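Nothing here was measured: the structure is a model prediction, and the numbers come from that model.
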Protein chains: 2
Amino acid sequence: MYSLSEENYLKAIYHLSNNGEESVNTNAIAEEMKTAPASVSDMIRKLSKKKLVNYQKYRGVTISSKGKYIALNVIRKHRLWEVFLVEKLSFKWDEVHEVAEQLEHIQSNQLIERLDEHLGFPKFDPHGDPIPNANGEIAPIPTTTLSMLKPGDKCRVICAKDSSSDLLVYLDKIKISLGARLEVTDFHAFDGSFSLEVEGANPITISSKVTENIIVEEL
Amino acid sequence: MYSLSEENYLKAIYHLSNNGEESVNTNAIAEEMKTAPASVSDMIRKLSKKKLVNYQKYRGVTISSKGKYIALNVIRKHRLWEVFLVEKLSFKWDEVHEVAEQLEHIQSNQLIERLDEHLGFPKFDPHGDPIPNANGEIAPIPTTTLSMLKPGDKCRVICAKDSSSDLLVYLDKIKISLGARLEVTDFHAFDGSFSLEVEGANPITISSKVTENIIVEEL
DNA sequence: TATTTTTTTTAGACAAATCTAAAACTTATA
DNA sequence: TATAAGTTTTAGATTTGTCTAAAAAAAATA
Ligand SMILES: [Mn+2]
Ligand SMILES: [Mn+2]
Ligand SMILES: [Mn+2]
Ligand SMILES: [Mn+2]
């Protein structure tokens with residue numbers, strides 16, 4: 001069993017490393033975890049001793065396969081609990097993340113396997129992110145963002161990149177939900193904003209900060 | 001917000017004090033919490049500073065109304081989660097306690113109120129214990145145990161006093177479940193054991209250790 | 001390449017929760 | 001009521017996870 005802190009660090013490193021592929025900086029981890037860089041150095045030394053990360057002083061850190069497995073298990077729990085909160089307890093998609101941050105650390109394989117079954121073995125969480133299976137295997141996340149499209153392109157919304165309440169509440173407001181069909185009608189070079197047709201809703205113009213955080217499938 | 005440790009101490013003190021009515025010894029708390037008495041002294045001083053308990057050195061400790069409110073809120077969460085595990089995830093009544101010990105510390109009023117609603121506002125947990133309401137009010141627990149009855153007496157099982165897996169598995173084995181109707185057929189003075197008729201099951205003889213842990217309503 | 005800036009690590013401290021051993025206090029008993 | 005026994009508290013450590021300030025190393029830049 002690993003501590004709550006260790007689990008959170010591994011999860012942060014996993015996410016920052018682009019799903020375990022790249023090396024991660026101390027400062028980036030510190031920012032993600034909202035701690036001092038010195039604390040990160042300490043924790044990395046500890047994770048390294050336990051073979052959960054590969055580490056050489058001053059050279060950044062990569063997550064080991066053992067560490068990745070633990071991170072993916074925590075992510076699995078996080079996302080299954082988010083599905084539970086939305087599907088069974090009628091939470092909105094912008095209300096689930098903080099609670100899931102707590103629930104993801106509950107230790108019980110029986111619990112999580114039965115929760116999975118109770119939810120009908122969902123493949124995606126309420127934000128469109130794939131749910132790892134019990135072996136720590138996860139479907140790849142598409143990489144096309146709305147910001148990459150051109151006027152005339154049509155797409156379907158797959159996933160929100162950011163799980164902040166601010167983004168999700170805004171997407172609700174402009175009626176962009178998972179699965180929504182969009183058409184890019186105009187691109188404004190001055191600030192990078194996009195004008196869109198949203199199926200079943202009014203046309204809108206949204207900033208590049210928003211389009212960069214919407215993952216889509218081109219149609 | 002109080003720490004996991006503080007919550008567990010308050011819960012222990014609440015239970016040991018007979019629902020807040022009596023004073024509790026350091027050693028009793030230490031045994032319940034499986035810690036050294038010295039650790040209990042430290043924690044009591046801390047809880048006392050926060051006005052969660054009333055304390056005079058060497059004189060034992062009583063829980064304050066603020067402390068009782070917190071303890072009952074943790075107990076509420078514990079018991080609601082136990083209902084969830086049994087009703088929604090098909091756990092057996094002897095499998096829920098350890099997981100509920102973790103889940104009871106999740107901090108979210110929204111979560112617990114929606115869980116309560118999702119479960120249909122249950123009044124009792126899977127072991128027959130009453131569930132406190134959101135204001136920290138709790139129904140009294142009956143005090144008649146099976147061990148108090150005499151041959152010829154009939155009763156209905158209300159509640160298991162002990163939540164250990166060992167007791168609960170044993171009760172399953174001899175077909176004593178909540179609501180079961182029993183008739184005392186014989187009392188054996190030598191060891192205090194009882195012979196019983198169990199409605200819909202075979203007659204049995206059980207030890208005083210078991211009869212003392214079954215709360216019943218006489219019929 | 002030498003210097004400056006940025007990043008990372010180490011040193012030393014702290015709070016929370018625990019421990020063992022010893023001292024202080026209370027209760028029981030001869 | 002003196003002494004023994006039991007209970008509780010204090011003293012002093014330890015572990016975990018954090019911090020600030022300073023030192024060390026790497027990267028950027030002049
Ligand atoms: Mn989330
Ligand atoms: Mn977390
Ligand atoms: Mn329980
Ligand atoms: Mn607990």
Using a cut-off of strictly less than 4.0 Å between a heavy atom of the residue and any atom of DNA chain C, enumerate the qualifying residues of residues 16-26 of chain A by number.
A:N25, A:T26
Presence of A:K57 side-chain N/O under 4.0 Å of C:dT10 phosphate oxygens OP1/OP2
yes
What integer distance in Å separates B:R59:CZ from D:dT9:P?
11 Å
Quick one: is C:dT18 close enough that its OP1 or OP2 comes under 4.0 Å of any side-chain N or O from B:S5?
yes
State which of C:dT10, C:dC19, C:dT7 makes the closest approach to the side chain of B:D42.
C:dC19
Selected nucleotide, minimal atom distance to A:A36 side chain, candidates D:dT8, D:dT20, D:dT10:
D:dT20
Would you indicate, yes or no, if D:dT16 has its OP1 or OP2 atom less than 4.0 angstrom from a side-chain nitrogen or oxygen of A:S3?
no
Within the supplied structure, the quantity of interest is the number of heavy atoms (other residues, nucleotides, ligands) at a distance under 6.0 Å from B:E31 CD; does it exceed 12?
no
Can any side-chain N or O of B:D191 pair as donor or acceptor with the backbone N or O of B:S193 at less than 3.5 Å?
yes
Value in whole Å for how far the C1' atom of D:dT18 lies from NZ of A:K34
16 Å
Quick one: does A:R79's side chain have a donor or acceptor within less than 3.5 Å of a partner on A:P130's backbone?
yes
Any A:Y58 side-chain nitrogen or oxygen under 4.0 Å from OP1 or OP2 of C:dT6:
no
The single option from A:D116, A:D125, A:N135 that satisfies side-chain hydrogen bond (donor to acceptor under 3.5 Å, both in side chains) with A:R76 is A:D116
Write down the distance between CG (A:N27) and P (C:dT5), rounded to a whole number of angstrom.
17 Å
For B:I44 and C:dT18, what is the distance between atoms CD1 and P respectively, to the nearest whole Å?
12 Å
Can a donor-acceptor pair be found, under 3.5 Å and without considering hydrogens, that links the side chain of B:H127 to the backbone of B:W93?
yes
Could you tell me how far apart A:L4 (CG) and D:dT15 (C1') are, to the nearest whole angstrom?
16 Å
Short side-chain N/O contact to D:dT9 OP1/OP2 from B:S41, under 4.0 Å
yes
Among D:dC19, D:dT9, C:dC19, the nucleotide that comes nearest once only the side chain of B:S39 is considered:
C:dC19
Output the rounded distance in Å from CD (A:Q56) to P (C:dT8).
14 Å
Euclidean distance, atom OH of residue A:Y2 to atom C1' of D:dT16 [Å, nearest integer]
16 Å
Heavy-atom nearest nucleotide on DNA chain D for B:A28 versus A:M43: which residue maps closer to 5'?
B:A28
Does any N or O in the side chain of A:S64 come within less than 3.5 Å of the main-chain N or O of A:L52, such that one atom is a donor and the other an acceptor?
yes
Verify, without hydrogens or angle tests, whether B:K161 (side chain) and B:N213 (backbone) share a donor-acceptor contact under 3.5 angstrom.
no
Are OP1 or OP2 of C:dT18 and a side-chain N or O of B:Y9 less than 4.0 angstrom apart?
yes
Whole Å only: how far is the CE atom of B:M33 from the P atom of C:dC19?
10 Å
Keeping the roles fixed (side chain from B:K92, backbone from B:S90), state whether a donor-acceptor pair exists under 3.5 Å.
no
